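A short write-up of the structure that comes next.
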Amino acid sequence: MELSLFAKEMSLFWDCFLACALASYPIYRLLLLTKSRQTIDPHAPETHLRKQGTPTMGGLIFLVAILVAFIEPLVRGSLPLRYTTLDTVAVVLESQSFAILALFFGFALIGFVDDYVVPRMTAKRGLGWIQKLLAQIAVAYLASASMFRGESLMIVGLSVFMILFWSNAFNFADGLDALAGSLILGLSLGFILLSTLNNEASIASYYATALAAGAIVFLAFNAPPAKMFMGDVGSLPIGAFYGMMSVLFLRSGTTSHEFTTGPGWEITLREPLYLPLFILSLVMIIELVPVPLQVAYFKLTKGKRLFPMTPIHHAFEKKGWPETRIVWIFALFQLLCSLMAYYYALGMKPS
C-alpha cells in the first residue's frame, strides 16, 4: 500500500472512530427510549434467556462510520480511490462509493424493518424469510448493477449471489456477545491486506477501515455482558458489503503477468483470487452452510438433527463451551484465515 494512501486511511480510521464514539452513547439512549429490545429465539440455548430485552439495533453505529467515509472526501477534497485526476464530487456520487452507500443503507433499511417495524406491528419476531430474501435480492441487484456498470450480466449475478451469501452468513454469526464485532476486525484486515495487491480494489480497503473503526466502538457496548446487540440493521449491510467486495476482487484479481507485444500493445493477465477469498470466507461458510443442511436433514429424517444446534457457534454452547471461549476461537480463526488468504494472494503477485 502506498504511504500516502495509508496515511489517508489512518486519517479516515480516526475520523470514523471519533464520530462513532461520539454517536454511540446517544444511539444507546435512543434504543432504550424507543424500547428496541431483543426477543430471544425460543430455540436458542437456555443461557441466552438472560439476554431477553437487551437493546438491539446497535448496528446503527456502523451507519455512522460508512456515512463519514462517504462524506470525508467531499470535505477534505481528496478521494478514497487513486483517481486523483478526476472531479471529486463526480467520482464519489457516480462511482463505487455511491453503490456501496446504496447497498449499505438499503440492507440497513431491511434490517430496521426486521428488527423494529415488524415486531411493533405484528406478533412476529421479524420478517418472513421469503419477504426478507426478496427485499435483499432487489437491493443487491440495484447496487450491483451500479457497482459493476458496463460489466457482464454474469458479474452482476455473481455479485447478487455473494451479497446474499455474505449478508445472511454474517447475520447468523451475530449470535454471541462480541462475536460479530470481533469478526469484523479480522475480515476488514483481510480485505485491507488483499487490496494492497490491486489498485482497482482500493475502495474495499477504504470502507473496510471505516467498519473496523466502528467495530472497536461497538465492542465497547457489545462485550460480555452485552449492553446492546448489533441487530439485522448492522449485520445485514456489513455482510452485504463484504460480499460485494469479494466480487470486486474476483473480477479484478491480482496481476500475474504483464508484458509488451509491440509498440503501444501491452497485455496484462490477471489471476482471480479464488483460493484466497475462499480461505477468507471460511468462517462465514461454517456459519451459513450448516443451517440449511440442518433444516433439510430434520425434515427428511422426521425430527433428527445433523448438528447439535445451528448456527454452528450454538453447537459449541450445547457442548458446554463458555461463550467467551467460542468467541475467542472464532475471532482468532478468522484472523488466521485473513493472514493465510493474504499469504496465498501474495504468492500470485510477481516478485
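Scope of the values below: all heavy atoms of this structure, side chains included, with no hydrogens, waters or symmetry mates. As the structure is a prediction and not an experimental result, all values here were calculated from the model.
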Has Arg325 got its NZ or CZ under 6.0 Å from the middle of the six-membered ring of Trp321, at an angle within 45 degrees of the ring axis?
-> yes
Is there a donor-acceptor pair under 3.5 Å between the side chain of [X] and the backbone N or O of [Y]?
X: Asp115; Y: Val233; result: yes
X: Ser188; Y: Leu185; result: no
X: Thr34; Y: Leu30; result: yes
X: Asn222; Y: Met228; result: yes
X: Tyr297; Y: Lys304; result: no
X: Thr310; Y: Val291; result: no
X: Gln334; Y: Leu280; result: yes
X: Ser338; Y: Gly186; result: yes

Given side chains that start at C-beta, do those of [X] and [Y] come closer than 4.5 Å, heavy atoms only?
X: Leu193; Y: Leu339; answer: yes
X: Phe105; Y: Pro237; answer: no
X: Val118; Y: Gln131; answer: no
X: Glu323; Y: Asp177; answer: yes
X: Thr324; Y: Leu176; answer: no
X: Ile163; Y: Met147; answer: no
X: Phe333; Y: Ile286; answer: yes
X: Lys35; Y: Leu32; answer: no

Is the count of non-hydrogen atoms from other residues, nucleotides or ligands lying under 6.0 Å from [X] atom [atom1] greater than 12?
X: Leu33; atom1: CG; value: yes
X: Phe307; atom1: CZ; value: yes
X: Phe161; atom1: CZ; value: no

Kindly indicate, with the supporting measurements, whether the criterion side-chain contact (heavy atoms from CB on, under 4.5 Å) is fulfilled by Leu101 and Leu67.
-> CA-CA 8 Å; Leu101 189 75; Leu67 200 57; 4.3 Å; yes
Minimum-distance pair of heavy atoms, taken over all atoms of [X] and [Y]:
X: Val327; Y: Ser182; answer: CG1-OG, 4.1 Å
X: Met162; Y: Ser246; answer: CE-CB, 3.8 Å
X: Ala210; Y: Ala65; answer: O-CB, 3.4 Å
X: Phe62; Y: Met230; answer: CE1-CE, 3.7 Å
X: Leu103; Y: Val139; answer: O-CG1, 4.2 Å
X: Phe170; Y: Gly239; answer: CB-CA, 3.8 Å

Should [X] and [Y] be regarded as members of a common hydrophobic cluster, given that ILVMFWY residues are connected when their side-chain heavy atoms come within less than 4.5 Å of each other, either directly or indirectly?
X: Phe278; Y: Leu248; result: yes
X: Ile329; Y: Ile285; result: yes
X: Leu332; Y: Ile326; result: no
X: Ile312; Y: Leu336; result: no
X: Leu12; Y: Leu22; result: no

Can you say whether the rings of His313 and Phe330 are parallel (under 30°), tilted (30 to 60°) or perpendicular (over 60°)?
-> perpendicular
Roughly how far apart are [X] [atom1] and [Y] [atom2], rounded to 0.5 Å?
X: Trp166; Y: Leu236; atom1: CH2; atom2: CG; answer: 14.5 Å
X: Asn171; Y: Ile110; atom1: CG; atom2: CD1; answer: 11.0 Å
X: Leu306; Y: Thr301; atom1: CG; atom2: OG1; answer: 8.5 Å
X: Met245; Y: Leu211; atom1: CE; atom2: CG; answer: 10.0 Å
X: Ile71; Y: Ile66; atom1: CD1; atom2: CD1; answer: 11.5 Å
X: Leu31; Y: Phe229; atom1: CG; atom2: CZ; answer: 12.0 Å

Could you go through the side-chain hydrogen bond (donor to acceptor under 3.5 Å, both in side chains) check for Gln136 and Asn168 one step at a time?
-> CA-CA 10 Å; Gln136 289 175 346; Asn168 288 286; 3.1 Å; yes
Would you please test Tyr242 and Ile184 for side-chain contact (heavy atoms from CB on, under 4.5 Å) and show each step?
-> CA-CA 10 Å; Tyr242 289 134; Ile184 289 171; 3.5 Å; yes
From CA spacing to verdict: side-chain hydrogen bond (donor to acceptor under 3.5 Å, both in side chains), Ser97, Tyr206 = CA-CA 10 Å; Ser97 285; Tyr206 182 79; over 6 Å; no
By ring pair (Phe, Tyr, Trp, His ring centres under 6.0 Å), Phe104 pairs with (sequence neighbours left out) none
Partners of Ser281 by side chain to side chain donor-acceptor pair (under 3.5 Å), sequence neighbours excluded?
-> none
Could you give me the CA-CA distance, side-chain angles and deciding distance for Ser205 and Phe191, then say whether side-chain contact (heavy atoms from CB on, under 4.5 Å) is met?
-> CA-CA 6 Å; Ser205 174; Phe191 281 98; over 6 Å; no
Derivation and outcome, side-chain contact (heavy atoms from CB on, under 4.5 Å), residues Asp174 and Leu179 = CA-CA 6 Å; Asp174 181 30; Leu179 178 57; over 6 Å; no
